[in-house]
Amino acid sequence: MKEKILQLIKDFEQRKATVSTKEEVEALRLDFIGKKGLITLLMQDFRNVPAEEKREIGMLINEAKQNVESSVAELKEKIEEEELNKKLESEPRIDCTLPVKTGTGALSPRTILQKQIVDMFVSMGFTIEDGNEIETEYNNFDAVNVPASHPARDMQDTFWLDNGEVLKTQTSAAQNRILRTHGPKCRVLFPGRCFRNESLDATHENTFFQIEGVVVDENVSVANLIYFMKEMLKGVFKKDVNVRLRPGFFPFTEPSFELDATCPLCAGKGCGACSHTGWMELCPCGMIHPNVLREAGIDPDKYNGFAFGLGFDRLVMIKTGLDDIRHLNGGNVKLLKQYGTKI
Ligand code: DAH
């Protein structure tokens with residue numbers, strides 16, 4: 001019996017040296033310690049071993065079995081590692097230590113101009129707020145004096161969510177929350193991303209940015225509104241800009257205006273960019289409708305104010321000369337970098 005075991009151990013070591021695939025390892029395992037393996041069969045013979053040899057033989061068999069088990073596990077691991085290495089060798093390698101050749105990113109022209117505008121308004125005493133991108137129907141419409149039956153709802157092709165909420169179609173959606181939290185004496189600017197179900201072309205995007213502002217106090221006038229708009233435009237175009245107000249219509253303001261600025265490109269002489277009128281339509285605005293103030297818990301007999309909703313992407317395009325709004329949402333770093341330098 002002892003010789004048999006020692007011979008088996010030798011045989012095993014010989015076979016072990018020839019094994020190079022997972023299948024061969026498995027065959028080796030089965031041959032020695034499988035159900036009908038050589039060592040398994042020896043163990044079944046163990047009962048015939050004379051009592052005085054049992055201890056020694058038992059230990060030998062156990063050692064042999066353990067040796068096979070651990071050798072098989074080692075072999076498997078080694079082969080798996082070799083296979084993985086082969087696979088890695090055959091795949092293109094990424095050297096994380098190489099210097100990056102793609103260059104760094106750039107701030108979007110939007111980001112640059114928005115920061116400038118925000119800084120200007122902060123210096124004029126405004127607080128900056130963020131709006132939500134998903135809004136309730138109430139905030140987006142009802143709270144700013146656009147009830148369900150109002151035709152103005154159809155002017156904005158809204159993305160409705162299954163739960164009845166909307167992707168906000170206008171930054172005005174934040175007015176009610178802001179007026180409620182800031183109370184009747186406030187100056188707040190709230191830039192934000194808006195969404196409308198528009199067909200896309202060079203001047204229309206379904207995802208665009210507005211910068212909205214409200215000022216509420218006692219005795220606020222249209223002259224105050226004009227002052228703030230002129231200050232902002234002076235800051236953006238780095239020169240005095242003349243403005244004019246035309247009548248407009250928005251449910252949340254009364255009276256409502258369209259604010260035009262002298263074309264910053266031709267200084268009012270008339271050019272292709274301003275359709276030879278000398279004016280550019282820039283910012284809808286007006287005196288906040290009493291219903292909007294009332295809905296936000298502010299007494300319209302005591303307080304009044306103005307609001308404006310700057311079409312921010314258009315301003316970025318005028319400022320940079322970018323002729324297609326879709327670029328602003330594109331990821332072309334080279335192009336955005338180039339236009340960012342024009343602000
Ligand atoms: N919310 C309007 C829109 O998206 C823009 C607007 C007009 C905002 C007049 C205002 C405002 O605050 O007073 O079409």
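Start at 1 and go down the list; that is how both ligands and their atoms are numbered.
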In the protein, what heavy atom is nearest to [atom], and what distance, to one decimal place, separates them?
| atom | value |
| --- | --- |
| atom 12 (O) of ligand 1 | Glu212 OE2, 2.8 Å |
| atom 6 (C) of ligand 1 | Phe252 CE1, 3.7 Å |
| atom 1 (N) of ligand 1 | Gln170 OE1, 2.7 Å |
| atom 14 (O) of ligand 1 | Arg196 NH2, 3.7 Å |

Pull out every atom of ligand 1 sitting under 4.0 Å from any heavy atom of [X], numbered as shown with elements.
| X | answer |
| --- | --- |
| Ser172 | 1 (N), 8 (C) |
| Gly286 | 13 (O) |
| Thr253 | 13 (O) |
| Ala307 | 12 (O), 13 (O) |
| Gln175 | 12 (O) |
| Gln210 | 3 (C), 4 (O) |

Ion pair Asp157/Arg196, N-O distance below 4.0 Å: no
OG-OH distance between Ser221 and Tyr227, expressed to the nearest 0.5 angstrom: 12.5 Å
Geometric cation-pi criterion Lys239 and Phe237, 6.0 Å radius, 45° cone: no
Axial cation check for Phe46 ring with Lys54, 6.0 Å and 45° limits: yes
Sub-3.5 Å N/O-N/O distance, Pro284 and ligand 1: no
N or O contact, Thr169 vs ligand 1, cut-off under 3.5 Å: no
Parallel, tilted or perpendicular, as decided by the 30° and 60° cut-offs, for the rings of Phe228 and Phe121: parallel
Ring geometry between Phe249 and His150 (parallel below 30°, tilted from 30 to 60°, perpendicular above 60°): parallel
Within 6.0 Å of CG in Asn332, more than 12 heavy atoms from elsewhere: yes
Worked check of side chain to side chain donor-acceptor pair (under 3.5 Å) between Tyr138 and Glu295: CA-CA 11 Å; Tyr138 170 78; Glu295 194 66 24; 2.6 Å; yes
